[in-house]
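Encoded as structure tokens, the structure appears first; notes follow it.
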Number of protein chains: 2
Amino acid sequence: MQVVELHYFCEMAKQGRRSDCPINFALELFGDKWTLLIIRDMMFKGKHSYSDFLHSEEKIATNILADRLSLLENAGIINKSVDPSHGSKFIYKLTAKGIDLMPILVEVIVWSAKYDANTATDRKFLYKVSNDREGLINSISTKLKGEISMYK
Amino acid sequence: MQVVELHYFCEMAKQGRRSDCPINFALELFGDKWTLLIIRDMMFKGKHSYSDFLHSEEKIATNILADRLSLLENAGIINKSVDPSHGSKFIYKLTAKGIDLMPILVEVIVWSAKYDANTATDRKFLYKVSNDREGLINSISTKLKGEISMYK
DNA sequence: TCGACTACTTGCAAAATAAAAGTAGTTAAT
DNA sequence: ATTAACTACTTTTATTTTGCAAGTAGTCGA
């Protein structure tokens, strides 16, 4: 009886998810206040190092940053490599799986720019999205994919 | 001196945001594990009452649900009206601002369906998105907008 | 008017998050 | 070679959020 209960518990722990809903799948990975900011920095701001993320406007705490970077690495969203020009530094880059998050981020930007009177969104970016969404996503995507292969 | 400090504090409380970045704007509103599930229920599952949300697969706690509903109402994402056919019930509906979140949710679904081997995503939905994204978003949007005007 | 249902609120424990301080391995300059 | 600064963390402690259980007040149908 104990064994059965343990087995049941382990199955729950292994899966550990609340449902197989795709919205829930995403929330369990980046449903918090910080993870998407790190991804934003890599995707749109050319940031790739620990101190880059640490010094972003929103001032993430160092323990939270370390935690989220390891979560993202384990989830296959980013990878980590030694900076060839600075041995004590690591470089964090988006994987293909991470780059594929771009359409989500783009739609978030469009929505927030529409409803936040104070938004810091670049008008040129919004123009490009409304004019040629696919083209914009592809061009940023291509640039980021180039970065992936640089240090591997 | 007290007055000055109080004034300073109030300004912080009024703005209260970490940055004007559009990604951050969205995260401050729905950057948690629950809020988007409530929006999903209203948007794709025809759920509109407190008990509908409470009994969803992910089993949200009643205090968290009450908190998120009032946050969403204050943010103008949903509105709340008395159920005409059942006086003790309220009906929660997405506003236009809430319906405009749909492109984000659609992209989340597409991404999760691609990377979650266990996803519960409907193949027909994915087919429609890849075939006529705008058409799909418009048809669900139109249906939801019809619901808005029903009880007002 | 009874029992069930509705949308909550309250209280408390547990978990997650944040801030601060500390650590260990480079690196750059003297 | 030594020191000061920088790097990516870890640890500790405090605060906030979440989860669970119970309670409440207003319907509703029989």
Side-chain angles (χ1 to χ4, degrees), chain A residues 9 12-13 16-19 24 26-39 41-42 47-75 77-93 151, chain B residues 9 12-13 16-19 24 27-38 41-42 47-75 77-93 151:
Chain A
F9 177 76
M12 286 293 107
R17 44 157 90 182
R18 303 179 297 184
S19 77
N24 183 61
L27 289 178
E28 302 220 357
L29 184 59
F30 50 80
D32 69 88
K33 298 254 183 280
W34 296 108
T35 306
L36 276 184
L37 295 180
I38 300 171
I39 292 168
D41 283 353
M42 282 186 272
K47 297 189 176 182
H48 297 287
S49 74
Y50 194 91
S51 50
D52 284 344
F53 308 136
L54 204 57
H55 297 126
S56 275
E57 211 181 347
E58 293 86 3
K59 299 271 169 277
I60 189 169
T62 177
N63 57 339
I64 304 291
L65 175 58
D67 178 70
R68 296 307 189 278
L69 286 173
S70 80
L71 281 175
L72 285 172
E73 200 189 358
N74 289 333
I77 304 285
I78 63 174
N79 59 35
K80 183 182 176 179
S81 53
V82 176
D83 185 339
S85 70
H86 198 284
S88 73
K89 264 179 120 171
F90 291 104
I91 288 179
Y92 301 91
K93 297 251 170 79
Y151 311 106
Chain B
F9 176 76
M12 284 295 106
R17 47 158 88 182
R18 301 179 297 184
S19 79
N24 183 61
L27 289 178
E28 302 219 358
L29 185 59
F30 50 80
D32 70 86
K33 298 255 183 282
W34 296 108
T35 306
L36 276 184
L37 294 181
I38 300 171
D41 283 354
M42 282 185 273
K47 297 189 177 183
H48 297 287
S49 74
Y50 194 90
S51 50
D52 283 344
F53 307 136
L54 205 57
H55 297 127
S56 275
E57 209 182 348
E58 294 86 4
K59 299 273 169 275
I60 190 169
T62 177
N63 56 341
I64 306 289
L65 176 58
D67 178 70
R68 295 308 188 278
L69 286 173
S70 80
L71 282 175
L72 286 172
E73 199 188 359
N74 290 334
I77 304 285
I78 63 174
N79 58 34
K80 180 181 176 180
S81 53
V82 176
D83 185 339
S85 70
H86 197 284
S88 74
K89 263 179 123 170
F90 291 104
I91 288 179
Y92 301 91
K93 296 254 170 77
Y151 311 105

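Each chain gets a letter, A, B and so on, in the order its sequence line appears, and its residues count up from 1.
- In terms of heavy atoms, B/Arg68 sits closest to B/Ile38 at CB-CD1, 3.6 Å.
- To the nearest angstrom, C1' of C/dA16 lies 15 Å from CD of A/Glu28.
- Counting distance only, with no hydrogens placed and no angle test, the side-chain atoms of A/Thr62 and the base atoms of D/dC9 include a donor-acceptor pair under 3.5 Å.
- Taking atom CG of residue A/Asp67 and atom P of nucleotide D/dC9, one finds them 12 Å apart after rounding to whole Å.
- For the pair A/Tyr92 and D/dC9, the criterion of a side-chain N or O lying under 4.0 Å from OP1 or OP2 is met.
- DNA chain C is contacted by both B/Phe90 and A/Ser85; B/Phe90 maps to the nucleotide lying nearer its 5′ end (nearest heavy atom per residue).
- At whole-Å resolution of the value, CH2 in B/Trp34 and P in D/dG19 are 5 Å apart.
- Between B/Ser51 and C/dA7 there is a side-chain polar atom (N or O) within less than 4.0 angstrom of OP1 or OP2.
- Residue whose closest nucleotide on DNA chain D sits further toward the 5' end, between A/Lys89 and A/Arg18: A/Lys89.
- Going from atom OH of B/Tyr50 over to atom P of D/dG26 covers 17 Å, rounded to whole Å.
- Projected onto DNA chain C by closest heavy-atom contact, A/His86 and B/Lys80 fall at different nucleotides, the more 5' of which corresponds to B/Lys80.
- Panel note: side chain A/Tyr92, backbone A/Lys47; no donor-acceptor pair is recorded below 3.5 Å.
- Residue B/Leu71 contributes atom CG, which lies 10 Å from atom P of D/dT17 at whole-angstrom precision.
- For the pair A/Leu27 CG and C/dA16 P, the interatomic distance rounds to 16 Å; values are reported in whole Å.
- The two atoms that bring A/Asp41 and A/Ser56 nearest to each other are OD2-OG, 2.6 Å, heavy atoms only.
- Between A/Asn63 atom CG and C/dA21 atom P there is a gap of 14 Å when expressed in whole angstrom units.
- Not a single donor-acceptor pair under 3.5 Å links the side chain of A/Asp67 to the backbone N or O of A/Asn63.
- Rounded to whole Å, atom P of C/dT6 lies 9 Å from atom CG of B/Asp52.
- With hydrogens and angles disregarded, a donor-acceptor distance shorter than 3.5 Å links the side chain of B/Lys33 to the backbone of A/Gly31.
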